[in-house]
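Letters go in sequence order (proteins before strands), and every chain restarts at 1.
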Amino acid sequence: MGMIVSIEEIAPAFKRYVVESPEVARKHEAGQFVIVLMGEHAERIPLTIADTDPEAGTITLVVQEVGKSTMEMGTMKAGDPIQVVGPLGKATHIENFGTCVCIGGGAGIAPMLPIARALKDAGNKVVSILGGRNEELIILRPEMIEASHEMIYTTDDGSFGKKGVVTDALKEYIEEHGKPDLVIAIGPAIMMKFVALMTKDYEIPTVVSLNTIMIDGTGMCGGCRVAVGGDSKFVCVDGPEFDAHEVDFDLMMKRQRIYLEEEEIARKRFLEQHACRATDGVEVS
Amino acid sequence: MAREKIEKKERMKIPRQPMPAQEPMDRIKNFNEVALGFTEELALAEADRCLECKKPKCVDGCPVGIDIPGFIVAIQQADFEGALAIIKKDNTLPAICGRVCPQEDQCEIVCVTGKKAEPVAIGRLERYVADWEMAQEGEVKMPELPPASGFKVAVVGSGPAGLACAADLALRGHKVTIYEALHKPGGVLVYGIPEFRLPKKIVQEEIGNLEKLGVEIRCNFVIGKTASVEELFSEYGFDAVFLGTGAGLPYFMGIPGENYIGVLSANEFLTRVNLMKAFAFPDFDTPVRLGDNVAVVGSGNVAMDCLRTAKRLGAKNVICLYRRTRDESPARLEELEHAEEEDIDFRWLASPVEIYGNEEGLVTGARVQVMELGEPDDSGRRRPVPIEGDQYDIELDQLIMGIGQGPNPLVTKSTKGLELNRWGNIVVDEETMMTSIDGVFAGGDIVTGAATVILAMGAGKKASEGIDAYLRGTAEASKTA
Ligand SMILES: Cc1cc2nc3c(=O)[nH]c(=O)nc-3n(C[C@H](O)[C@H](O)[C@H](O)COP(=O)(O)OP(=O)(O)OC[C@H]3O[C@@H](n4cnc5c(N)ncnc54)[C@H](O)[C@@H]3O)c2cc1C
Ligand code: FES
């Protein structure tokens, strides 16, 4: 059983959790994730590890509040118990490739952090392209700056960095500096899909980290399966990282939406209940 | 209270006592246990049917060799405590095995009463005494523990193999820690077999008893990830390791359309419903897709559990697609009969060859190939062969693959020097249950491939003997060396 050590809001709807989990902290390698469970009624949610402190026995998770479970997680407090299992999945293959472009979109910046760091430590030149809707949503900037040699930012509204999407910045980078040796992209499926399409044209080896629906995270259910190079792969054990040019993103996006209706029911119900509880304590004058 | 003995001749005249059960049309609306268990009266009458054979065939039929006439005679005398003590000598989990063992293929198939009449309902009697114990007021009597041996053993996996191994090791004075990947212990007993067949309360009770023996259970701990087998020795200080990680890897058929939404493994379906309680969504957070038309491929216990679960979740048409016939169906007979009573549409000699879906990626149907039985295959069963040109389409909202599971490679692949067979199962010495690695033992589905609860339990128990001998022998020698 783990415990929440601290929670901090780092951007609108983004929270950073430091969680006590000595065994996971000790074994974690870049690219791996954990499954978190908040209690008897809860679902098992996969979350990528953003950082670890093996000495302190803690891991850092950066969570965007999108659905019922992540919102509920946001109501927890330091000292609350939380179940954590991991580290799961395969670690990122790290070696000195040369120049690596690390593309992080939205919540995908968090899992990118340990990967960028490991690549830098292995002697690579790390160019990070971080994208978000606006400046506030480009999270973990100081940490990413430290893990990179060069930073490029894009925002949808142009409030920060270049106006546009990460693929625009990637194209620009390639045209100016030539092809990097490796591209890693983590973010919304649609972003990863377009990165993959672009780097395929340029013939640049590209890795993506997939975030499918999961239950056990240990290869037991097959609920996380995706088609890679025509074969069925289990993201939780065969991945989460795959050759971007082999992934069937369209199928994956469809599969991510399996429980959209149920997610909406759960989210609404949570918001209603939560609103009630919030007003319970309010004194009516 | 001593009961009078009945003449052998008279015994044959007593009919096999029926198992009280929930009515089919009621039970498909709930998840409560279907078979309600014998009353004392029924149990005594059933016990009286035993002929107390001099050379009891049933004992040979039992994978763990329970003294069956012994415990039945105790029941005849209404000595339920005595009956239980006899069973527990060989079976650590009678309340579970009494419910899920395929008795009709084991002890009951060879029962001498069964030659002329129906066999004695051995499984039901086993369940009766185990339930009797649980119904008694106060604490279950725990056996005395011997003095601590000073040895530490890690048991990986908390299915029947791991539970049985842990219990026996604890009773031999060893300090045992169970490591379980999921958040609840019990293995298939918890995530696979549904509540209506095996109430989770019973599994919890057995696990509670294990904890009373001093066994520590660490859930959310994946061996091969959170710690490796090597680290269990080097960092965690264990003297021996038992691997009981089961057959958790779901198989798919490899036919077109398998990634459509609504095609899922039996493991996923059952885990959502049993372990994550998706039937109570949104009170529980994990959802499960519901459809009107559900097909399950396969006809073993796993498939039966999926079919009957789908029915209980409200599916209107629940179809079983099996490429052989009812006679070859590997499910327990009772489950098959219960499924038939529950209005499941059995299509024997039928196998899907393609799955259809729509634009949104949702499954819409399947093409079914009609089969016939040909020559016997390696397993001795007649091989199903497709009848050319004989295919038909069915409409579907959900298709569940219940065609079997293989060994999960998480532990086996991450452990250097562990000998596996060509299916990926762990190879063990059949006497000691030791693997190719010194001090590492294994048993249950991870060794045999998907089998039964009783075999897994028996293997765990056997391994505990091997481990005990190993610890007291080899390890002792190395300590003095
Ligand atoms: C749906 C279903 C219905 C069944 N019905 C029957 C029946 O009616 N009668 C019958 O006799 N048999 C039945 N069986 C078969 C029976 O359940 C199995 O043969 C038996 O449970 C095997 O026991 P085991 O201990 O080897 O493995 P399991 O019960 O599979 O337990 C293995 C445990 O190990 C854990 N584990 C795996 N890998 C790791 C790891 N790396 N680290 C930590 N933990 C790990 C798993 O999470 C699991 O909890 C059924 C099986 C299923 C799936
Ligand atoms: S989450 Fe179950 S197999 Fe990957």
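- Annotation: Glu261(A), atom CD; neighbour count of heavy atoms from other residues, nucleotides and ligands within 6.0 Å does not exceed 12.
- Here the closest heavy-atom approach between residue Lys254(A) and residue Glu360(B) is recorded as CD-O, 3.5 Å.
- With a 4.5 Å cut-off on non-hydrogen atoms, Asn408(B) touches chain A through its side chain but not through its backbone.
- Using a 4.5 Å cut-off between heavy atoms, Glu72(A) contacts chain B through its side chain alone, with no backbone atom that close.
- Scanning residues 50-62 of chain A against chain B with a 4.5 Å non-hydrogen threshold yields no residues.
- Interface residue Arg255(A): backbone and side-chain heavy atoms are both found under 4.5 Å from chain B.
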Just list the side-chain donor-acceptor pairs under 3.5 Å for residues 251-260 of chain B, sequence neighbours left out, or say none.
residue	atom	partner	partner atom	Å
Glu258(B)	OE1	Gly254(B)	N	2.9
Glu258(B)	OE2	Met253(B)	N	2.5
Glu258(B)	OE2	Gly254(B)	N	3.1
Asn259(B)	OD1	Arg225(A)	NE	3.0
Asn259(B)	OD1	Ser232(A)	OG	3.4

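- Taking CG of Leu251(A) as the reference point, atom CD1 of Ile261(B) lies at 8.0 Å (rounded to 0.5 Å).
- Contacts of Ser69(A) with chain B are made by side-chain atoms alone, with heavy-atom separations under 4.5 Å and no backbone atom involved.
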| Stepwise salt bridge (Lys or Arg N to Asp or Glu O under 4.0 Å) check, Arg218(B) with Glu23(A) | CA-CA 12 Å; Arg218(B) 279 287 318 263; Glu23(A) 285 109 356; 3.1 Å; yes
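- Contact annotation for Ile213(A): only side-chain heavy atoms (C-beta onward) come within less than 4.5 Å of a heavy atom of chain B.
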| field | CA sep, side-chain torsions, deciding dist, call: His41(A), Lys277(B), side-chain contact (heavy atoms from CB on, under 4.5 Å) | value | CA-CA 8 Å; His41(A) 68 285; Lys277(B) 311 243 182 305; over 6 Å; no
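- Contact count against chain A (heavy-atom pairs under 4.5 Å) is highest for Pro287(B) among Pro287(B), Cys219(B), Ala181(B).
- Within residues 78-87 of chain A, the residues approaching chain B closer than 4.5 Å by heavy atoms are, in numerical order, Gln83(A), Val84(A), Val85(A), Gly86(A), Pro87(A).
- For chain A, the nearby part of Thr271(B) is the side chain; its heavy atoms alone come within less than 4.5 Å.
- Contact of Gln405(B) with chain A is not made at all, since no heavy-atom distance falls under 4.5 Å.
- Residues that satisfy the ring-ring contact (aromatic ring centres under 6.0 Å, His included) test with Phe281(B), not counting sequence neighbours, are absent from this structure.
- The shortest non-hydrogen separation linking Glu43(A) to Met276(B) is CA-CE, 4.0 Å.
- Here the closest non-hydrogen pair linking His183(B) and Arg44(A) is ND1-NH1, 2.8 Å.
- Contact count against chain B (heavy-atom pairs under 4.5 Å) is highest for Ile215(A) among Ile215(A), Ile265(A), Val237(A).
- Between chain B and the options Ala266(A), Gly217(A), Gly89(A), heavy-atom pairs under 4.5 Å are most frequent for Gly89(A).
- Summarising the local packing, CZ of Arg269(A) is surrounded by more than 12 heavy atoms from other residues, nucleotides or ligands at distances under 6.0 Å.
- Counting heavy-atom pairs closer than 4.5 Å to chain A, the top-ranked of the candidates Pro409(B), Gly361(B), Pro282(B) is Pro282(B).
- Taking CD from Glu262(A) and CG from Asp285(B), the interatomic distance works out to 12.5 Å, rounded to the nearest 0.5 Å.
- For Glu180(B), no part lies near chain A; criterion is any non-hydrogen pair under 4.5 Å.
- Arg272(B) has no carboxylate O lying under 4.0 Å from a charged side-chain N of Asp216(A), or vice versa, which leaves the two without a salt bridge.
- Across all their heavy atoms, Pro250(B) and Met220(A) have their closest contact at CD-O, 3.3 Å.
- For chain A, the nearby parts of Leu249(B) are the backbone and the side chain; heavy atoms of each come within less than 4.5 Å.
- Distance check: Cys221(A) SG to Leu270(B) CG gives 11.5 Å after rounding to the nearest 0.5 Å.
- A distance of 7.0 Å separates CG of Leu37(A) from CG of Asn220(B), quoted to the nearest 0.5 Å.
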